[in-house]
Each structure stands twice: as C-alpha cells, then as structure tokens.
Protein chains: 2
Amino acid sequence: MPNPIRYGSQTTRIRKVLEEQIDQGLLRPGDKLPSERELSALFETTRITLKDALLALEAAGRIYCEDRRGWFVSRPRLMYNPQYRIHFHEMVTMQNRQASTQVLSAASTLATPELCRDLNLQPLTPVIKIQRVRSVDGRAVKYVEHNLIASRFPRILDHDLTQSLTCLYKEQFGYSYGRARFEIYPTAAQGIIAESLNLADSSPVLFIKRINYDQNGQILDSDLEYWRHDAVCVSIDSG
Amino acid sequence: MPNPIRYGSQTTRIRKVLEEQIDQGLLRPGDKLPSERELSALFETTRITLKDALLALEAAGRIYCEDRRGWFVSRPRLMYNPQYRIHFHEMVTMQNRQASTQVLSAASTLATPELCRDLNLQPLTPVIKIQRVRSVDGRAVKYVEHNLIASRFPRILDHDLTQSLTCLYKEQFGYSYGRARFEIYPTAAQGIIAESLNLADSSPVLFIKRINYDQNGQILDSDLEYWRHDAVCVSIDSG
DNA sequence: TAGTGGTCTAGACCACGGC
DNA sequence: CCGTGGTCTAGACCACTAA
C-alpha cells in the first residue's frame, strides 16, 4: 500500500519531511532528533529504511550522529581558511562560537615512512607527535595530529600544549609561519579518530594535511586534521 | 556461531579482507568486484551486512559504486590544484590519465538569489548557465555548472563549449584569470548531479565553489563543481 | 532477458552512554 | 538500569543496465 503522495521512495519522503522541519525551524541546530525507533514508528517503516533517510541527511550535512547518543541537527559550518594561521580559538570566537581544546597525547617517537616523505626526513628521525581534539560549542569537530621535527623543538613537551601551537612556536622558538602546502580530501574515520570525534567506525570525515614552513622556508611540522564532515567549510583566496 | 578469528564485527572483517585483496593487487584499480549477492554468499552473510562493509570502503575512497552497474576498485585520486587555471584536459594528461568532456546544457537564464550573492549582481540579471560532465579514464568524476555574467560574454553560446572555457575567455573576450575565491565542503549529490555521475541519489560528493575574477579584479563567473568523493585530492600551496 | 544494485520488511541481540 | 545506536538475519520486489 504505497503512500498516496509519492516522492519516488520512502527514504526520499522521510528525508524531505525531516528536511522541511529543519528548514522551517521546528527542529533547530543542535536539537536532538527522536530516536530511530520512534521515528520509524512515526513514519510507519523499519529502522533500516529510516536509517537510510538519516544517512542521506547526514551526507548532505543537515544532521549528524553521536555514537550511541543519538542524531542531532547540524549547526552552520565553521568557515576555515587554512592560509591564515590565526589561532583556532580566535577563528571560532570571531564566528560567535565557543572553542575548546583537549590534548590526547604528546610524546617523542620515530618518523613513519609517510612522515619522512612529507617532512623530507631521513629514516628513523625523531619527531614529536601531539594528538588533540578541538571542539566547537561543546561538540568535538576536529581530530588533529601534529608531527614536529624534534630537533627543531627542544623541550617543547614541558609546555602547556592546550594553547595555540602557533604562539608557542613564536614565543619559545622564534618561529613564525611562512608558506604551507595542503592536501584536502574526504575519507573515513578509523580507530582513535572515530572514537575521539564520537563517530561510528568508518564514518565520513574531511581530511586536511598541512605541511608548514617557517619564515626561512625550512620545514617545521605537519598537521593531519580530520574534520567532522558537516562541521566545516574550507574557504580559500588565491591571487 | 561467531567467526573463529574475531575482528570486532562482521563488516570490519569483510572490509579488511577486501582491503587486503586490493592492497596486494589481486583486485586492481578499475576492476569490478563480484556482485553483492556473490560476495554475501562468499562471506556467508546477508546483503545488508555486506553492503555496510562496501559502504565503509567507499567512504574510505577504496572502491566506488556505479548506479546499478556494480562496484569497482578506485583509481588513484586526481591531484587538483584549483589555484592554477590550467585546462582540465592538460591537468589530466599530465597525470597520465585520459580526459573527456560532455556538455549537458548551455542556455541563458536569470540569476538565482544565491548567484546574485556570489557574483554581486542585481536581482534578475541574465546569466549563462553551462552544465558539463568531465570524465577521467572513461569514468564521470566531476559535474560542473558554470554561471557566466551574460553581459560580459556576448554570443558565447555560438562557440564550441566542449573545449576549455579558459581558452575561450582569452581568445574571444580577452579575459584572463586574476584571483579566485573557493569554498570546499562535502555534501550529497541530488537529481541531475547524481544522475550525471552515475551515482545513487544522496551519495557523498566533494563540492567546490569557485568565484573567478578577471585580470582587472572584475567578477567573471562562478563554477559549482561536484566531484566523486574518491576521485580527487585538492592540493594547495600558500605563500 | 538476465543480472545488477536500490529499496524495503519485521524482526533480533549487543555494546555503550547516561541517569 | 534503561535507552540509544550498532550490528545482523533471511528473505522480498523493483528499476535499471547491458547483452
């Protein structure tokens, strides 16, 4: 018994209804959706079909899922221009949002083959690896792994790593940023990346790799950033 | 009766096995995977579970799906630096790949509200809208919509639009590109975008908006690009 | 026309989050 | 402890592709 109004498919119908509720402001950014069971009862369908509709809305960036916590309406994307090395907190504050940072780990280790390529290092060179999670309005949106060439940052681990690394570089080591190279592509979050972003394994994320150079053109470090894919809009100006 | 070797979950197990086959070269870029029914029999599971594994590999960019045609192993991502306005064909050829272009439509229309914002136009200004699909190695990877300010491009519709627009701008109108502005974020393909890329509705794509200026800083046009999300790696240099 | 993925049903148990 | 999403079973019919 098909629905009297046809939309092409059940999932399309559900998607459009939910989308309209969001557009009309009945469901507002940050709001929690009813549970999948409630929604599937509401739309008189199964959880699998209902979930397909939710996944479509997630892909479009309209809603997001917190692992085992529920589905929520997305907030506007954070505008992020990686060319300007302004502090994360400053960038977020300028957009009238709340920022916070959590350090997951910070330790000295040896460069992996991929890191050697990126940072132009000899095999087995020591690097300092710092893992951090950055949140906006209380939601974890970016997992980032900094890889610093150890010899250029003596005793950096003694400092407070919650703050802006840009500041630390400048104040403690006299480095300021010169040029940088970026790679940007969508991928899937695995392991600690998924965990720290409260994502289910293999959820889509936007990956941004940056290789940073100092004011003299010497390589400083690389940042591997994984963004929740609905939370960011990369914005770039080119001359 | 769980599998003797545990991987955390069925889908993880299936994903890892397929990933290994790809890594080892037993399944090579461009190869077609067995059908979902064959694979689910092979892994002794249902199509839904099997599909979850395929979706995870798709999110990671390892495989892709052609609507109702089957699943294929992804080729290496095309490196794309939007700062350089070299021709698409030239860029693709330089990476030892085969390029082709198809024009879906080209017509004069009136600027939508969003276009007015992007191009800084008065309401109801005429624009020329060109829809194209670009393929690499025979696979449609990018849907692009060009929106030209009509008054700046008299009679452009009389020309061959399969070729590079950059060339056409230069040769017919004396325009060369100055600066450009970009926005990049993941979203979902709907309607003609999904169709022209042979994607199922609401499949994930990487969206790139560019606003192009001429050598005198005057706005020329905007490009709305939708890339198959496994097919591209955006690469940017910043001074 | 045969085979493909797209969609859908009607359930079930599990692991984890939060009270 | 209960509610949540995560995972999974065992089927079914449909729309479209490709030969």
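To find a chain, count down the sequence lines: A is the first, B the second, and so on, and within it residues start at 1.
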Problem set entry | Stems formed with participation of DNA chain D [Watson-Crick or G-U wobble, under 3.5 Å, three or more pairs] | C:1-18 with D:1-18
For this session: Give A:Glu38 one of three labels, base, sugar-phosphate or nothing, depending on what nucleic acid heavy atoms sit under 4.0 Å from its own.
Result: sugar-phosphate
For this session: Could you walk me through whether A:Tyr143 and A:Glu195 pass the side chain to side chain contact (heavy atoms under 4.5 Å, CB included) test, one step at a time?
Result: CA-CA 10 Å; A:Tyr143 165 93; A:Glu195 273 171 47; over 6 Å; no
For this session: If the plane angle is over 60° it's perpendicular, under 30° parallel, otherwise tilted; pick one for B:Phe88 and B:Trp227.
Result: tilted
For this session: Kindly assign one of parallel, tilted or perpendicular to the pair B:Phe72 and B:Tyr64, based on the angle between their ring planes and the thresholds 30° and 60°.
Result: parallel
Roughly how many Å is it from [atom1] in [X] to [atom2] in [N], rounded to a whole number?
X	N	atom1	atom2	value
B:Ile63	C:dG5	CD1	C1'	13 Å
A:Asp201	D:dC8	CG	P	12 Å
B:Lys32	D:dT17	NZ	C1'	11 Å
B:Glu195	D:dA15	CD	C1'	13 Å
B:Arg69	D:dA19	CZ	P	10 Å
A:Arg15	C:dT7	CZ	C1'	14 Å
A:Phe72	C:dG17	CZ	C1'	11 Å

For [Y], does its backbone N or O pair with a side-chain atom of [X] as donor and acceptor, under 3.5 Å?
X	Y	value
B:Ser203	B:Leu199	no
B:Gln95	B:Met79	yes
A:Arg228	A:Val141	no

Problem set entry | N or O in side chain of B:Ser35 less than 4.0 angstrom from C:dT4 OP1/OP2 | yes
Exercise. Is there a side-chain polar atom (N or O) of A:Gln10 under 4.0 Å from OP1 or OP2 of C:dG6?
Worked result: no
Problem set entry | DNA chain D contacts among residues 45-59 of chain B, heavy-atom distance under 4.0 Å | B:Thr45, B:Thr46, B:Arg47, B:Ile48, B:Thr49
For this session: Please determine if A:Asp118 and A:Arg210 form a salt bridge, counting it only when a charged side-chain N lies under 4.0 Å from a carboxylate O.
Result: no
For this session: May I ask you to verify whether the side chain of A:Arg37 and the base of D:dG5 hold a donor-acceptor pair under 3.5 Å?
Result: yes
For this session: Quick one: list whatever passes side chain to side chain donor-acceptor pair (under 3.5 Å) with B:Arg69, sequence neighbours left out.
Result: B:Asn198
For this session: Name the residue closer to the 5' end of DNA chain C, choosing between A:Glu44 and B:Arg68 according to the nucleotide with the nearest heavy atom.
Result: B:Arg68
Exercise. Taking the side chain of B:Asp67 as its heavy atoms from C-beta onward, which of C:dG17, C:dG6, C:dC8 lies nearest to it?
Worked result: C:dG6
Seminar exercise, completed: Taking D:dT4, C:dT7, D:dC8 as options, the one with an atom nearest any side-chain atom of B:Thr11 is D:dC8
For this session: Tell me, please, whether A:Tyr80 has A:Lys142 positioned over its six-membered ring: NZ or CZ under 6.0 Å from the ring centre and within 45 degrees of its axis?
Result: yes
